[in-house]
**Q** 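What follows is a structure written as structure tokens; I'll ask about it next.
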Amino acid sequence: MNSSKNVFFTTPIYYVNAKPHLGHAYTTITVDVAARYSRMCGNQTYFLTGTDEHGDKIVEAAEKQNKSPKDYTEEISAQFKNLWPRLDISNNDFIRTTNPAHIKVVEDLLVRIHDSGDIYFSEYEGIYCFGCERFYQERELVDGKCPDHGTEPKKIREANYFFAMSKYQDWLVDHIKQNPDFIRPERYKNEILSFLKEPLEDLCISRPKSRLTWGITLPFDHDYVTYVWFDALTNYISALGFPDGELFSKFWAGTQHFVAKDIIKPHGIYWPAMLKSAGIQIYQNLNVHGFWNVSGSKMSKSIGNVTDPVAVTSAYGVDQFRYFLMREMVFGLDANFTEEAIVQRINSDLANDLGNVFSRVLAMNHRYFNGEIPKTDEGIEKEKGLSLNKSSIVAIEAFKTAMDQNEFHKGLIAVWDFISILNKYIDNTVPWVVAKNDSRRNELATIIYNLVESLRVIAGLIYPVMPQTSVKMHQVLGFQPDGARDYRTIEEIIPWYQCCAGTRTEKTPTLFPRIEPEKIVPDSLKRPDKLKIADTLKIESGQTEELRNLGKQAALPLKPEITIEDFARIDLRTGTIISAEKIKKANKLLKLKVDLGEKEPRQIIAGIAKSYSPEDVIGKQVVVVANLKPAKLMGESSQGMLLAASSDSELFLAGFTLPVNPGSQVK
């Protein structure tokens with residue numbers, strides 16, 4: 001993050017020849033996440049987005065709808081501006097290139113560069129892509145076609161104004177090499193350097209009004225309008241009030257441009273050369289992301305076109321959509337967007353992981369302490385190694401390291417590894433067992449306190465990606481950020497023991513309802529195992545002797561040997577318990593709904609009610625004998641059996657240390 005503590009985040013301004021789609025949403029959400037994180041780091045942060053409204057393609061799109069370019073741009077620009085609040089975008093400004101203030105800065109910049117001698121008039125013949133609104137060199141084409149549109153450019157001959165961009169080629173190469181993170185990730189820096197190995201041609205920066213009138217008139221020749229990129233790129237300084245505006249002097253030095261890889265050349269070559277020619281300081285970083293590939297498979301009728309962010313958020317939720325985009329794409333690489341993939345992320349990461357641990361902890365807090373946060377016993381905490389403080393520090397540091405490098409997926413992995421540690425902690429400390437012994441009341445309080453305190457940390461860290469969920473979690477925990485802001489800074493999150501004993505938590509909410517998929521998710525869409533932020537998932541100071549010896553008993557005689565063929569007849573599968581309730585007049589039985597990755601969850605009757613309450617098992621992953629013949633128990637059908645170990649009359653369900661996809665085979 002910029003050391004000046006004043007950071008300027010920008011999206012590209014979006015071309016209004018079509019309504020907003022998935023790509024626009026991803027870029028804007030990415031910049032919003034970066035800006036929110038910047039604010040959490042204590043930086044003064046300014047966030048700009050907007051629309052690009054001039055050029056051939058706008059005229060063409062307007063004509064297709066029998067509208068004037070002005071009326072058309074008003075309509076489409078409003079769609080972009082109205083979408084951002086729906087996606088919880090926290091931009092400070094929204095610029096339009098038809099704004100009079102912007103037009104004036106474009107004119108001033110053109111005059112500056114013209115007066116420096118870097119703009120000249122010449123006749124030129126070249127190959128021109130009307131879709132890109134730019135001239136191409138032969139070496140840039142793919143099989144003779146535009147690499148972006150797949151169409152053959154047309155050869156045209158025109159008299160136009162040119163920017164002497166070639167003059168700055170050597171300077172730009174030196175600048176990139178001397179500032180190795182100027183363009184990031186590194187693959188895109190290398191792409192620009194590779195392009196600059198060939199002679200750089202001068203840039204045509206005008207279009208004759210005989211061909212195009214919808215643009216900004218050149219201040220030194222009223223028969224021409226300026227090239228759309230010369231107009232669009234200038235928005236980054238016009239929005240800050242260049243040249244004398246307070247925002248420009250405060251934020252320009254810390255500029256972070258974010259763009260998709262298809263517009264890396266205008267931002268990585270044209271724009272630095274323009275700034276250099278005009279005598280303006282070069283921006284700090286150009287951050288480049290990949291493309292979303294949308295599956296060609298049939299989408300659910302509930303949302304229609306999956307690339308429409310309004311439809312997706314209506315179907316699945318805003319925070320769910322934001323999480324999926326940030327977790328699924330590695331910044332800089334391409335990623336796949338399918339309906340199956342977003343459902344899987346919601347059910348696995350959000351419902352099973354975050355939602356489950358949140359509801360489990362709060363349910364235990366209400367069950368054992370009437371909803372009031374208990375007081376930790378630091379002596380017992382130290383003696384029994386029950387503190388989760390060190391794990392929280394590891395998570396926070398891993399989160400910061402990743403977010404500082406735009407590795408947003410790794411930042412989320414760090415948080416989810418901490419969630420896994422909490423689930424492991426619950427399984428190891430078995431609070432429902434501790435609660436049965438009144439002499440261990442302080443130990444139980446210490447366990448619950450550490451879990452609640454950990455939820456506070458998680459609520460703080462997820463804020464950049466899921467602001468609504470972060471606010472909701474803080475509210476339920478009775479822990480509000482200070483002042484008018486809705487977040488806590490990283491420095492405010494770090495200190496331990498912030499939850500006050502006696503604070504009342506709200507009743508357990510369902511953060512993320514599960515979504516029943518219409519079909520089984522293909523193996524190709526299943527995510528890899530989670531990365532770890534620590535070598536082990538152990539409790540801080542090691543297990544106590546009591547925990548290590550919990551349930552030890554004399555070995556029972558083995559049953560008769562079986563063959564591998566006998567074992568192969570048993571179909572063991574991973575299941576996730578999605579609901580649980582007691583069966584009347586059966587004090588040992590719970591009626592469970594278990595997700596095995598099938599179209600419908602199974603009903604399984606399990607004799608675990610004396611060891612587990614319904615709230616203890618919801619969200620828990622278990623091992624199920626899936627091919628057991630269905631049976632009737634207390635009048636209820638049971639379609640399988642859970643595996644559990646028995647120790648001193650207590651049952652311990654077999655499970656997993658990390659989340660596994662429901663339906664996975666256990667071998």
**Q** Please tell me whether Asn6 and Tyr46 have a donor and an acceptor in their side chains that are separated by less than 3.5 angstrom.
**A** no
**Q** State plainly whether the residues Glu492 and Arg485 are in salt-bridge range, i.e. N to O under 4.0 Å.
**A** yes
**Q** Is there side-chain contact between Val228 and Arg207, with heavy atoms separated by less than 4.5 Å?
**A** no
**Q** Report the C-alpha separation of Phe163 and His114 in whole Å, then their side-chain angles, then the decisive distance to 0.1 Å, and conclude whether the side-chain contact (heavy atoms from CB on, under 4.5 Å) test is met.
**A** CA-CA 9 Å; Phe163 169 48; His114 184 266; over 6 Å; no
**Q** Consider only side-chain N and O atoms of Tyr487 and Arg36, and report whether a donor and an acceptor are under 3.5 Å apart.
**A** no
**Q** Would you mind checking if Glu191 and Lys265 are paired as a salt bridge, meaning a charged N to carboxylate O distance below 4.0 Å?
**A** no
**Q** Do Phe9 and Asp32 make a side-chain contact, defined as non-hydrogen atoms from C-beta onward lying under 4.5 Å apart?
**A** no
**Q** Under 3.5 Å, is there a donor-acceptor pair between the Arg39 and Thr45 side chains?
**A** no
**Q** For Asp170, does the CG atom sit with more than 12 other heavy atoms under 6.0 Å from it, leaving out its own atoms?
**A** no
**Q** Step through it carefully: locate the ring centre of Tyr283, locate the ring centre of Phe182, and say whether they are under 6.0 Å apart.
**A** yes
**Q** Do the charged groups of Lys261 and Asp334 touch, with an N to O distance under 4.0 Å?
**A** yes
**Q** Can a cation-pi geometry be assigned to Arg327 and Tyr323, taking NZ or CZ under 6.0 Å from the six-membered ring centre and within 45° of the ring axis?
**A** no
**Q** Compute the centroid of each ring, for Tyr161 and then for Tyr120, and state whether the two points are separated by less than 6.0 Å.
**A** no
**Q** Enter the distance from Ser210:OG to Glu158:CD here, rounded to the nearest 0.5 Å.
**A** 7.0 Å
**Q** Does the Lys NZ or Arg CZ of Lys57 fall within the cation-pi geometry relative to Tyr15 - under 6.0 Å from the ring centre and within 45° of the axis?
**A** no
**Q** Between Trp229 and His267, does the ring centroid distance fall short of 6.0 Å?
**A** yes
**Q** Does a side chain donor of either Tyr227 or Asn160 reach within less than 3.5 Å of an acceptor in the other side chain?
**A** no
**Q** Can Asn17 and Tyr72 be counted as having a side-chain donor-acceptor contact under 3.5 angstrom?
**A** no
**Q** Run the salt-bridge test on Asp181 and Lys189 with the 4.0 Å N-O cut-off and return the result as yes or no.
**A** no
**Q** So do Phe94 and Asn91 actually touch side chain to side chain, heavy atoms under 4.5 Å?
**A** yes
**Q** Could you tell me the separation between the NZ atom of Lys155 and the CD1 atom of Ile127, rounded to the nearest 0.5 Å?
**A** 8.0 Å
**Q** Shortest non-hydrogen contact from Val310 to Thr313?
**A** O-OG1, 3.1 Å
**Q** Does a sphere of radius 6.0 Å around CG in Asp174 hold more than 12 heavy atoms from other residues, nucleotides or ligands, not counting ones at 6.0 Å or beyond?
**A** yes
**Q** Between Asp319 and Gln468, is there a side-chain donor-acceptor contact under 3.5 Å, judged purely by atom types and distance?
**A** no
**Q** Determine the interplanar angle of the Phe242 and Phe248 rings, folded into 0 to 90°, and report it as parallel if under 30°, tilted if 30 to 60°, perpendicular if over 60°.
**A** perpendicular
**Q** What I want to check is whether the side chains of Thr226 and Asp231 have a donor and an acceptor closer together than 3.5 Å.
**A** no
**Q** How many angstroms lie between CG in Leu196 and CG in Leu172, if you round to the nearest 0.5 Å?
**A** 5.5 Å
**Q** Would Gln320 and Met466 count as a side-chain contact (heavy atoms from CB on, under 4.5 Å) here? Give the steps.
**A** CA-CA 8 Å; Gln320 290 90 328; Met466 296 187 287; over 6 Å; no
**Q** Of all the heavy-atom pairs spanning Leu233 and Pro266, show the shortest one and how long it is.
**A** CD1-O, 3.7 Å
**Q** If I compare all heavy atoms of Thr27 with all of Pro12, which pair ends up nearest, and what's the gap?
**A** CG2-CD, 3.7 Å
**Q** Quick one: list whatever passes side-chain hydrogen bond (donor to acceptor under 3.5 Å, both in side chains) with His257, sequence neighbours left out.
**A** Thr10, Trp271
**Q** Please evaluate residues Phe337 and Tyr26 with respect to the criterion ring-ring contact (aromatic ring centres under 6.0 Å, His included), reporting the C-alpha separation (whole Å), side-chain torsions for both, the decisive distance (0.1 Å), and the verdict.
**A** CA-CA 11 Å; Phe337 191 103; Tyr26 172 75; over 10 Å; no
**Q** Please check: side-chain N/O of Lys209 versus main-chain N/O of His222, any donor-acceptor pairing under 3.5 Å?
**A** yes
**Q** Indicate the ring-plane relationship of Trp171 and His175, choosing parallel, tilted or perpendicular according to the 30° and 60° boundaries.
**A** parallel
**Q** In a check of side chain to side chain contact (heavy atoms under 4.5 Å, CB included) between Tyr188 and each of Leu193, Val259, Ile264, which one passes?
**A** Ile264
**Q** For Gln65, look at atom CD and say whether over 12 heavy atoms of other residues, nucleotides or ligands are found less than 6.0 Å away.
**A** yes
**Q** Check this for me: does any side-chain nitrogen of one of Lys250 and Glu246 sit under 4.0 Å from a carboxylate oxygen of the other?
**A** no
**Q** Could you check whether Asp349 pairs with Arg345 (Lys NZ or Arg NE/NH1/NH2 to Asp/Glu carboxylate O, under 4.0 Å)?
**A** yes
**Q** Can the ring centres of Tyr463 and Tyr37 be said to be less than 6.0 Å apart?
**A** no
**Q** For residues Tyr316 and Phe321, establish whether the separation of their ring centroids is below 6.0 Å.
**A** no
**Q** Just how far is it from atom CG of Leu203 to atom CD1 of Ile269, taken to the nearest 0.5 Å?
**A** 10.5 Å
**Q** Parallel, tilted or perpendicular: which one describes the rings of Phe258 and Phe408, with boundaries at 30° and 60°?
**A** tilted
**Q** What I want to check is whether the side chains of Glu53 and Thr98 have a donor and an acceptor closer together than 3.5 Å.
**A** yes
**Q** Closest heavy-atom contact between Arg96 and Ser77?
**A** NE-OG, 3.3 Å
**Q** Does the side-chain contact (heavy atoms from CB on, under 4.5 Å) test come out yes or no for Ile13 and Ile95, once each step is laid out?
**A** CA-CA 8 Å; Ile13 51 173; Ile95 190 170; 3.8 Å; yes
**Q** Check whether the side chains of Asn235 and Ser238 place a donor and an acceptor atom closer than 3.5 Å, and report yes or no.
**A** no
**Q** Provide the closest heavy-atom pair for Ile113 versus Ala278 in the form atom of the first, atom of the second, distance.
**A** CG1-CB, 4.0 Å
**Q** Going by atom types alone, do Thr49 and Lys81 pair a side-chain donor with an acceptor below 3.5 Å?
**A** no
**Q** Rounded to the nearest 0.5 Å, how far does CZ of Phe195 lie from CG of Asn190?
**A** 15.5 Å
**Q** Under the criterion ring-ring contact (aromatic ring centres under 6.0 Å, His included), I'd like the reasoning laid out for Phe8 against Tyr236: C-alpha separation, chi angles, the key distance, then a yes or no.
**A** CA-CA 9 Å; Phe8 179 39; Tyr236 300 127; 7.3 Å; no
**Q** Within this structure, what is the CD1-CG distance for the pair Ile282 and Leu275, rounded to the nearest 0.5 Å?
**A** 5.0 Å
**Q** Is Glu107 salt-bridged to Lys104, cutoff N-O under 4.0 Å?
**A** no
**Q** Would you please test Phe162 and Phe121 for side-chain contact (heavy atoms from CB on, under 4.5 Å) and show each step?
**A** CA-CA 6 Å; Phe162 289 80; Phe121 189 74; over 6 Å; no
**Q** Check whether the side chains of Arg322 and Thr30 place a donor and an acceptor atom closer than 3.5 Å, and report yes or no.
**A** no
**Q** Of all heavy-atom pairs between Met274 and Leu109, which one has the smallest distance, and what is that distance?
**A** CE-CD2, 4.0 Å
**Q** Would a distance-only check, ignoring hydrogens and angles, find a side-chain to backbone donor-acceptor pair under 3.5 Å from Ser38 to Ala34?
**A** no
**Q** Might you confirm whether atom CD of Glu152 has over 12 heavy atoms from other residues, nucleotides or ligands at distances under 6.0 Å?
**A** no
